[in-house]
Amino acid sequence: MSNITVNCHIDRQYIVDTYYALQDCLDDEFTQKIDDSIADNMRNFTFTFDNEKIGRLNNDKNEVSTFYYSDLYQIKETTTGLFFFSNKIIFEFVRYDLFQQDELLLLKDYLAPYLSKNQQPEIATINYQFDYQRLYVLFRHISRNHYKTTLTLSIFFSVLGLLAAIIKNLPLSVLAFILAIILLPTILNFSLKQQARKQVLTLNERFRSMTCIFYNDHIAFNYQKRVENYFNINYAEFFKIEKTPKGYAFFIQQDMGYFFFYEKFSFKQQQVLEEKLKHYSNYSEK
């Protein structure tokens, strides 16, 4: 058995690397707040790995902590490093580039028996922004029945305009055609745009950016500006889930939910996700 030892310095870049690995992005201002909150004597560590445990030496305080792989909540591989979770929130992150290549391969052999613990395969990871375009598309989808009503009214006013023209009532005919062709659709469309802009402007900035991770049976939501705040919603708990012409709409109630554009998913990810969603009675294709 060989021990593997690496040295780690926690600076701003290391924080950025950590949360990019965990959430795929992080706000610059919030990154700086995290960096400012770390004490000077909590920045330099030496990690030692063997086939059953990880040792963490705080070089500034000369304190040692030991964590057995079997006792950890989860060990997670990412594209840039390894996460060792004590629980769902507290973790250590060790970048791959701190290791020699042969040491990293050996460590992965040590960790192999523990990687399946409390871990579901991820279908897709989406960076979610509550922006105007997303909300406007969602509101248009929600209001599709209003558009049907608008179409009915437009047809009514068209017929009224035609009848007015036949009886040679020119003012009424012109007014009816204006309402039918321009006025009602424009008013409805403007209302939706205003509603979307208002939602974006009134939403607290801390809740505008999230990372959404799709699993086999739920979505995990992680606020990028509030690291400690995350929550899960099982697919069965949504009010309804709809596949629309532009993306997936996940409703938490009748007129409120999340919208995910297809372009954020690969074709393979869409196939896997839809195969999972088809098993739920609240899923439909529009």
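Along the sequence shown, the residues carry numbers beginning at 1.
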For this session: Nearest 0.5 Å please: distance from the CG atom of Asp217 over to the CG atom of Asn232.
Result: 9.0 Å

For this session: Could you please spell out the steps behind the side-chain contact (heavy atoms from CB on, under 4.5 Å) verdict for Asn58 and Asn44?
Result: CA-CA 6 Å; Asn58 183 324; Asn44 296 292; 5.9 Å; no

Exercise. Within a strict 4.5 Å, meaning less than it, do heavy atoms of the Phe83 and Glu77 side chains meet?
Worked result: no

Exercise. Quick one: does NZ or CZ of Arg43 land under 6.0 Å from the six-membered ring centre of Tyr14, within 45 degrees of the ring axis?
Worked result: no

Exercise. Is there side-chain contact between Gln270 and Tyr262, with heavy atoms separated by less than 4.5 Å?
Worked result: yes

Problem set entry | side-chain contact (heavy atoms from CB on, under 4.5 Å) evaluation trace for Thr18 with Ile15 | CA-CA 5 Å; Thr18 298; Ile15 296 169; 5.5 Å; no

Exercise. Do the non-hydrogen side-chain atoms of Phe47 and Leu57 ever get within less than 4.5 Å of each other?
Worked result: no

Seminar exercise, completed: Of all heavy-atom pairs linking Pro121 and Asn216, the shortest is CG-ND2, 3.6 Å

Problem set entry | 4.5 Å side-chain heavy-atom contact, Gln74 and Lys117 | no

Seminar exercise, completed: The reported gap from CG in Leu107 to CG in Leu104 (rounded to nearest 0.5 angstrom) is 6.5 Å

For this session: Side-chain contact test, heavy atoms from C-beta onward, threshold under 4.5 Å: evaluate it for Ile123 versus Ile213 and give yes or no.
Result: no

For this session: Identify the two heavy atoms, one from Asn3 and one from Asp50, that lie closest to each other, and give their separation to 0.1 Å.
Result: OD1-CB, 3.3 Å

For this session: Quick one: pull up CD1 in Ile241 and CD in Glu285 and give me the separation to the nearest 0.5 Å.
Result: 12.0 Å

Problem set entry | Shortest non-hydrogen separation from Leu106 to Ser2 and the atoms involved | CD2-CB, 3.9 Å

Problem set entry | Within-4.5 Å side-chain heavy-atom neighbours: Asn59 and Thr46 | yes

Problem set entry | Backbone N/O of Ser266 and side chain of Gln269: donor-acceptor pair under 3.5 Å | yes

Exercise. With distance as the sole test, does Arg12 use its side chain to make a donor-acceptor pair with the main-chain N or O of Thr31 at under 3.5 Å?
Worked result: no

Exercise. What is the distance from atom OG of Ser281 to atom NZ of Lys240, rounded to the nearest 0.5 Å?
Worked result: 13.5 Å

Exercise. Can Lys76 and Glu122 be counted as an ion pair, charged N to O under 4.0 angstrom?
Worked result: yes

Exercise. Tell me, do Leu22 and Tyr20 make a side-chain contact under 4.5 Å, heavy atoms counted?
Worked result: no

For this session: Can you spot which of Tyr69, Tyr73, Phe67 makes a ring pair (Phe, Tyr, Trp, His ring centres under 6.0 Å) with Tyr114?
Result: Tyr69

For this session: Just grab all the side chain to side chain donor-acceptor pair (under 3.5 Å) pairs involving residues 93-109, residues at least two apart or on different chains.
Result: Asp17-Arg95, Arg95-Asp97

For this session: Determine whether Tyr235 and Met256 fall in the same hydrophobic cluster, where Ile, Leu, Val, Met, Phe, Trp and Tyr are linked whenever their side-chain heavy atoms lie under 4.5 Å apart.
Result: yes

Problem set entry | Face-on cation placement of Lys243 at Tyr248 ring, 6.0 Å and 45° thresholds | no

For this session: Begin from the C-alpha positions of Lys276 and Glu274 and carry the test salt bridge (charged side-chain N to carboxylate O under 4.0 Å, His left out) through to its verdict.
Result: CA-CA 5 Å; Lys276 301 298 181 184; Glu274 288 179 22; over 6 Å; no

For this session: May I ask you to decide if Glu275's main-chain N or O and His279's side chain share a donor-acceptor pair within less than 3.5 Å?
Result: yes

Problem set entry | Contact summary for Lys53 and Thr66, nearest pair of heavy atoms | CD-CG2, 3.6 Å

Exercise. Out of Tyr68, Tyr110, Phe99, which one pairs with Phe49 under the ring pair (Phe, Tyr, Trp, His ring centres under 6.0 Å) rule?
Worked result: Phe99

Problem set entry | Close side-chain approach of Leu135 and Phe259, heavy atoms under 4.5 Å | no

Exercise. When rounded to the nearest 0.5 angstrom, what is the spacing between CD in Glu52 and CG in Asp71?
Worked result: 10.0 Å

For this session: Drop me the distance from Tyr19's OH to Asn222's CG, to the nearest 0.5 angstrom.
Result: 10.5 Å

For this session: Could you tell me whether the side chain of Asn282 and the main chain of Phe238 form a donor-acceptor pair under 3.5 Å?
Result: yes

For this session: List the steps, then state whether side-chain contact (heavy atoms from CB on, under 4.5 Å) holds for Asn234 with Tyr280.
Result: CA-CA 11 Å; Asn234 293 330; Tyr280 295 91; over 6 Å; no

Problem set entry | Check against side-chain contact (heavy atoms from CB on, under 4.5 Å), Phe93 and Phe84 | CA-CA 6 Å; Phe93 175 67; Phe84 298 85; over 6 Å; no

Seminar exercise, completed: What one should report as the nearest heavy-atom pair of Ile75 and Leu72 is CG1-CD1, 3.9 Å

Exercise. In a check of ring pair (Phe, Tyr, Trp, His ring centres under 6.0 Å) between Phe250 and each of Phe239, Tyr258, Phe221, Phe260, which one passes?
Worked result: Phe260

Exercise. Do the side chains of Tyr215 and Met210 join up, straight or via other hydrophobic residues, at under 4.5 Å, putting them in one cluster?
Worked result: no

